[in-house]
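Take a look at the structure below.
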Amino acid sequence: NAGVTQTPKFRVLKTGQSMTLLCAQDMNHEYMYWYRQDPGMGLRLIHYSVGEGTTAKGEVPDGYNVSRLKKQNFLLGLESAAPSQTSVYFCASSYSGLARSSYEQYFGPGTRLTVT
Amino acid sequence: DQQVKQNSPSLSVQEGRISILNCDYTNSMFDYFLWYKKYPAEGPTFLISISSIKDKNEDGRFTVFLNKSAKHLSLHIVPSQPGDSAVYFCAASGNTDKLIFGTGTRLQVFP
């Protein structure tokens, strides 16, 4: 049981390049999330998904796109990278439903992205 | 507009003593609160949570207190251990699909 995995762990991009970050979970969770962590800013939600084929915007969605074609995978895309997107990106997943335990999110190890 | 605030960026505590991490929130619709712990180069991991119908929840060395009237919660770690050195995030939810995180407090426990 690997939990939540993220690929790649590190990446350096030039301004204007594109890339896709992959998140995979093997816990059969319905909900998946993408966050970015910046110094002094905490974790900010970029996009999230409440099930296969669904996506929704979070707090800071501009410049990013996502897709959830399979329940276990959640992809985060940067079409034209900018230096402001230099950050550490975390993927998370959780159960769905009304039970309060669904609020507990399980995080991946993160992807450190630098845009020059 | 920061709905969840952790006003202390860092805290240093001697091993064996109590660590108290604080968190304030502004949204009265929040009804569930969580604490996460994060080590360098790792993702956050869930530590403890509390529902708004309670004012205290305890799990081993960790206790979370909730003061709804003050919109304040705190995490107490007793006794503190060097392995507790990490960044702690509080998070809140208002019966939605999302968590709102604070900015984190870096705890250092020294011998």
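From a predicted model like this one, the values you see are computed outputs, not experimental measurements. Throughout, protein chains are lettered first and strands after them, A, B, ... in sequence-line order, and every chain is numbered starting at 1.
Here the shortest heavy-atom pairing between B:Phe89 and A:Gly42 reads CE2-CA, 3.9 Å.
With A:Tyr33 contributing its side chain and B:Lys98 its backbone, the two residues share no donor-acceptor pair below 3.5 Å.
Hydrophobic clustering, with ILVMFWY side chains joined whenever heavy atoms are under 4.5 angstrom apart, groups A:Met19 together with A:Phe74. Linking Ile, Leu, Val, Met, Phe, Trp and Tyr residues whenever their side-chain heavy atoms come within less than 4.5 Å places A:Ile46 and A:Leu21 in a single cluster. Two different hydrophobic clusters hold B:Phe101 and A:Trp34 under the rule that ILVMFWY side chains link at heavy-atom gaps under 4.5 Å. A continuous path of Ile, Leu, Val, Met, Phe, Trp and Tyr side chains, each step under 4.5 Å between heavy atoms, connects A:Val50 with A:Phe107, placing both in one hydrophobic cluster. No chain of hydrophobic side-chain contacts below 4.5 Å, direct or via other Ile, Leu, Val, Met, Phe, Trp or Tyr residues, connects B:Leu11 to B:Ile20.
Interatomic distance, OH of B:Tyr36 versus CD of A:Glu104, reported as 5.5 Å (0.5 Å rounding). The structure places CG of B:Leu34 at 8.5 Å from CD of A:Gln105, a figure rounded to the nearest 0.5 Å. Atom OG1 of B:Thr103 sits about 10.5 Å away from atom CD of A:Gln37, to the nearest 0.5 Å.
B:Arg61 CZ: more than 12 foreign heavy atoms inside a 6.0 Å radius. Heavy-atom neighbours of A:Arg44 CZ from other residues, nucleotides or ligands within 6.0 Å: above the threshold of 12.
The part of B:Ser93 that comes within reach of chain A is its side chain, from C-beta onward, which places non-hydrogen atoms under 4.5 angstrom from that chain. Only the backbone of B:Ala41 comes within less than 4.5 Å of a heavy atom in chain A; its side chain stays farther off. Within the 4.5 angstrom heavy-atom criterion, only side-chain atoms of A:Leu45, from C-beta onward, approach chain B. For B:Pro9, no part sits under 4.5 Å from any heavy atom of chain A, backbone or side chain.
In this structure, B:Leu99 and A:Tyr35 have side chains that are in contact, with non-hydrogen atoms separated by less than 4.5 Å.
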